[in-house]
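Report on the following structure.
A note on names: the letters A, B, ... follow the listed sequences, proteins ahead of strands, and every chain is numbered from 1. Given the structure is predicted, the values throughout are model-derived calculations rather than measurements.
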Amino acid sequence: MAKKFMYMNTKAPYGTIYALESLEVVLIGAAFEQDVSLAFIGDGVYQLTKGQNTDGIGMKNFSPTYTALGDYDVNKIYVEKESLEERGLSLDDLQHLTWEDEDEDWAEKDSIRLVSRSELADVIEDQDVILSF
Amino acid sequence: MATLHTVNKSPFGSSVLDDCLGLAKSGSTVLLFEDGVYAATTGTKSAEAITNADGITFAVLGPDAKARGVEGKIADGIKVVDYDGFVDLVAEHDKVHAWL
Amino acid sequence: MKLGIQINEGPYQHQSSDSAYQFAKAALAKGHEIFRVFFYHDGVNNGTRLAVPPQDDRNITQQWTELQKEHNLDLVVCIAAAQRRGLMDEDEAKRQGKDANNIAEGFRISGLGQLIEAGIECDRLVTFGA
């Protein structure tokens, strides 16, 4: 039976490697056919922002990879509303992440689920394994 | 499903404890270890918040508190455990949520 | 109970590996099984045999090697994280055309799938990081 895996992303990209290496685990983990969710809280929400451009810092811009997650059947992406608001951000500041639902004639659907802190607490409660980055 | 949360940062330099308390459900346990033990010391806002938190149990890893010279300053009502107790807490809860 | 351990930080810089080691020793003494210890991020640096800590300090890598011997632990260093940070075994050194290898006794290098597998197989996954 598939386990419910949640990847907890709490750190901003580039300043440290955690965000990038977390994404690498997600991509590999997708092959294991578990029930995968990603959560972005705190500075983790900065991983998903639009308009990242690393030309001036000599590092690879890995933000486009998040838009490919739908192709890996990773389509439950929880973003904590309070964390966004505290940082002066809204959903419009984040990349548009989508997936195609095979059961509905490949209809394109949103992957990001904007949830309140208490809703996210319920989702986390329901998980079997928490991978923290 | 009861969760064991682990917090290893001082509340003075990091928001991790607050983030954890914001998401921890009633019935869960928070283990403070490494620099997280400072959060449980008397006279701090965090210790006050901890002792008033409803439905959440707190524990401090004794060896970490002792190493930092604060073993005698852990607020009343907060359980102090050794590594055996840490292992038991892991076994007694359904999952471990490490707050990094 | 079957336990998995993930270590995200390198030795000495952070307490993570020390905490994980104390936890692992206590868990084994209590009769729990440790299915795997997975070293990720800078945690891969726990697996170098070339570190020379001062004589009056603990040797973190050696502690893990000894615990591995005693309990036949599976100490896995993530290959993707290891390649970035210059940690390699003999095979990998050959493959990459490097003139040396540095993996410590008792550690093995393998893929990220080993972490996911630990999550699937273990009753609990305990993560030590910063």
Are there over 12 heavy-atom neighbours, none belonging to [X], within less than 6.0 Å of that residue's [atom1]?
| X | atom1 | value |
| --- | --- | --- |
| C:Glu121 | CD | yes |
| A:Lys60 | NZ | no |
| A:Lys76 | NZ | yes |
| A:Lys109 | NZ | yes |
| C:Glu105 | CD | no |

List the atom pairs, with distances to 0.1 Å, where a side-chain N or O of residues 91-98 of chain A and a protein N or O form a donor-acceptor pair under 3.5 Å, not counting sequence neighbours.
from    : atom 1 : to       : atom 2 : distance (Å)
A:Asp93 : OD2    : A:Ser90  : N      : 2.8
A:Gln95 : NE2    : A:Ser63  : O      : 2.8
A:His96 : NE2    : A:Asp110 : OD1    : 2.6

Handout entry: Distance (rounded to the nearest 0.5 Å) between C:Ile120 CD1 and A:Glu33 CD
Key = 10.0 Å
Problem - Straight-line distance of A:Ile17 CD1 to C:Asp42 CG, nearest 0.5 Å - result: 7.5 Å
Problem - Region of A:Gln34 that comes under 4.5 Å of a non-hydrogen atom in chain C - result: side chain
Problem - Portion of A:Ile130 that has a non-hydrogen atom of chain C nearer than 4.5 angstrom - result: backbone
Handout entry: Residue-level interface, residues 54-93 of chain C with chain A, non-hydrogen cut-off under 4.5 Å
Key = C:Ala80, C:Ala81, C:Arg84, C:Arg85
Problem - Among the listed options A:Glu24, A:Lys3, A:Glu21, the residue most often paired with chain C at heavy-atom distances under 4.5 Å - result: A:Glu21
Completion exercise
Residue from A:Ile28, A:Val129, A:Thr16, A:Val25 scoring the most non-hydrogen pairs under 4.5 Å with chain C is A:Val25
Practice task
Return the set of residues passing salt bridge (Lys or Arg N to Asp or Glu O under 4.0 Å) with A:Lys4 (not counting sequence neighbours), or none when no residue passes.
Solution key: A:Asp126
Problem - Which atom of C:Glu117 lies closest to which atom of A:Phe32, heavy atoms considered - result: N-CE2, 4.4 Å
Problem - chain A contact via C:Leu125 - which portion, at a heavy-atom distance below 4.5 Å - result: side chain
Handout entry: Portion of C:Leu115 that has a non-hydrogen atom of chain A nearer than 4.5 angstrom
Key = side chain
Problem - A:Tyr72: partners by ring-ring contact (aromatic ring centres under 6.0 Å, His included), with sequence neighbours left out - result: none
Exercise for the section: Answer yes or no: is there a side-chain heavy-atom contact under 4.5 Å between A:Phe133 and C:Thr127? Expected result: no
